[in-house]
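Everything below concerns the one structure shown next.
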Amino acid sequence: MTIVETPTSTVPLGGPSLPQERRLVTSIPGPKSQALQARKAQAVSAGVGVTLPVYIVAAGGGVLVDVDGNSLIDLGSGIAVTGVGNSAPQVVEAVAAQLAQFTHTCFTVAPYDSYIEVAETLNRLTPGDHAKRSALFNSGAEAVENAVKIARHYTGKQAVVAFDHAYHGRTTLTMGLTAKNQPYKNGFGPFAAELYRAPMSYPYRDGGLDGVVAAKRAISQIEKQIGAENLAAVIIEPIQGEGGFIVPAPGFLPTLVDWCRANKVVFIADEVQTGFARTGDMFASDHEGIVPDLMVMAKGIAGGLPLSAVTGRAEIMDSPQVGGIGGTYGGNPLACAAALATMAAYESENLVARAREIGAILTGRLNAIRTADKRVGDVRGRGAMIAVELVDAATGEPDAALTGRVVAAAHAQGVILLTCGTYGNVIRFLPPLSIPDGLLIEGLQVVQAALAAA
Ligand SMILES: Cc1ncc(COP(=O)(O)O)c(C=O)c1O
């Protein structure tokens, strides 16, 4: 049994008043978590994986507390969801008030105003000052599917281009857009028709190819293999998430946007992981000043409640026939109440600035580690979305085994850490924006020690 003493600090954004400390009172996972994991094996589909089988009973600020009483540092935010923190008081209050009023009517049966207010807020926050419309859904994948439907309807064309290393979800259409076979696609085909792939800009692995040149390479392939006259949409994550936090070289995204606009192709930015202050701007598209035709959002939108959205040019969004877009739960009133409180917090708490501060801490320390350790091949990302790519120091080849060892050691020391990357060799840092600096730094120190020992 390891007991770790760390100074406590306050939680900037509230949440349950949990001590902001890493505290291990059992080995990880502890006996109660292990018992629950055994029950899971008997009750839950084996296809539903778990990164770290510690079963959570409370969370807030920068910690998750498990059923055994361990308090773990959260460097994952439930995959970039709890930007405002877990159970942020503003969100809890808004959802509780809505809960007491009504839980569901189905917006497409008997509507309510919070759905409209979420749409108005998204129309205001997303890039571009043109007329916009929004539609609300439940998951990122569902919103991606709807963006594709809307783009096809508007253009009267069918083909859709996604990129190498892309991740857009695990439903039948989005699996086809997602690049990586294992574990997302293997055995689940056939995939939807008219989905194509183009080469990405991946500066660390393409020799630092200029962004405009990389875009022209992709465009040339699209023109040769598909033809703009058949292409409804290009969909891209402005910073790729699951693919390895790949930040395309400057000029890549604007060149693609310009080509799409000139060729009546809808440009869809999938900001499911990058959206809502995560990257140190409200959206990652803002960094290069691109204005997507459609933007897909989820994750950070509603403080942990399931909600997703497509926002875009009014003429595109208004194209589908009445009843063609929607669903039973999309824009559920509880999720809308949460989203309004969450989006207000991003603005009132200036979480864009907080993400930049977190990014400065992460990149400063990770770059120092990189200078001293050649196995850290690359440090990249923006704001509170930063990753390291681990490689064989001699060959520069991706080192997934090393990555696995580092992450396992960090987990054992009470730090929740996620991996990603086509080659399984990327560690990603996605802390809640409510994490105190001290806890973030302690988490990084644990990772540094794990790397040194691996
Ligand atoms: C960029 C991106 N698009 C789409 C999705 C799918 O979202 P969901 O898991 O909510 O369906 C994800 C999820 O990680 C994502 O990162």
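Any value given below was found using the heavy atoms of this structure, including those in side chains, with hydrogens, waters and symmetry copies removed. Order of listing sets the numbers, starting from 1, for every ligand and every atom in it.
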Open item on the list: Can you tell me if Glu93 has over 12 outside heavy atoms packed within less than 6.0 Å of its CD?
Closed with: no
TODO: Find the distance between OG (Ser45) and NZ (Lys40) and round it off to the nearest 0.5 Å.
DONE: 8.0 Å
TODO: Carefully, step by step, assess Tyr184 and Glu242 under the rule side-chain hydrogen bond (donor to acceptor under 3.5 Å, both in side chains).
DONE: CA-CA 11 Å; Tyr184 305 125; Glu242 303 294 313; 3.1 Å; yes
Task: Sequence neighbours excluded - ring pair (Phe, Tyr, Trp, His ring centres under 6.0 Å) pairs with any residue from residues 288-329 - done: His104-Tyr329
Task: Residue shell around ligand 1, heavy atom under 4.0 angstrom - done: Ser139, Gly140, Ala141, Tyr167, His168, Gly169, Glu237, Glu242, Asp270, Val272, Gln273, Lys299
- [ ] Look at the side chain of Arg152 and the backbone N and O of Lys157, then say whether any donor-acceptor pair between them is shorter than 3.5 Å.
- [x] no
- [ ] Give a yes or no on whether the backbone of Met200 and the side-chain of Arg217 come within a donor-acceptor separation of less than 3.5 Å.
- [x] yes
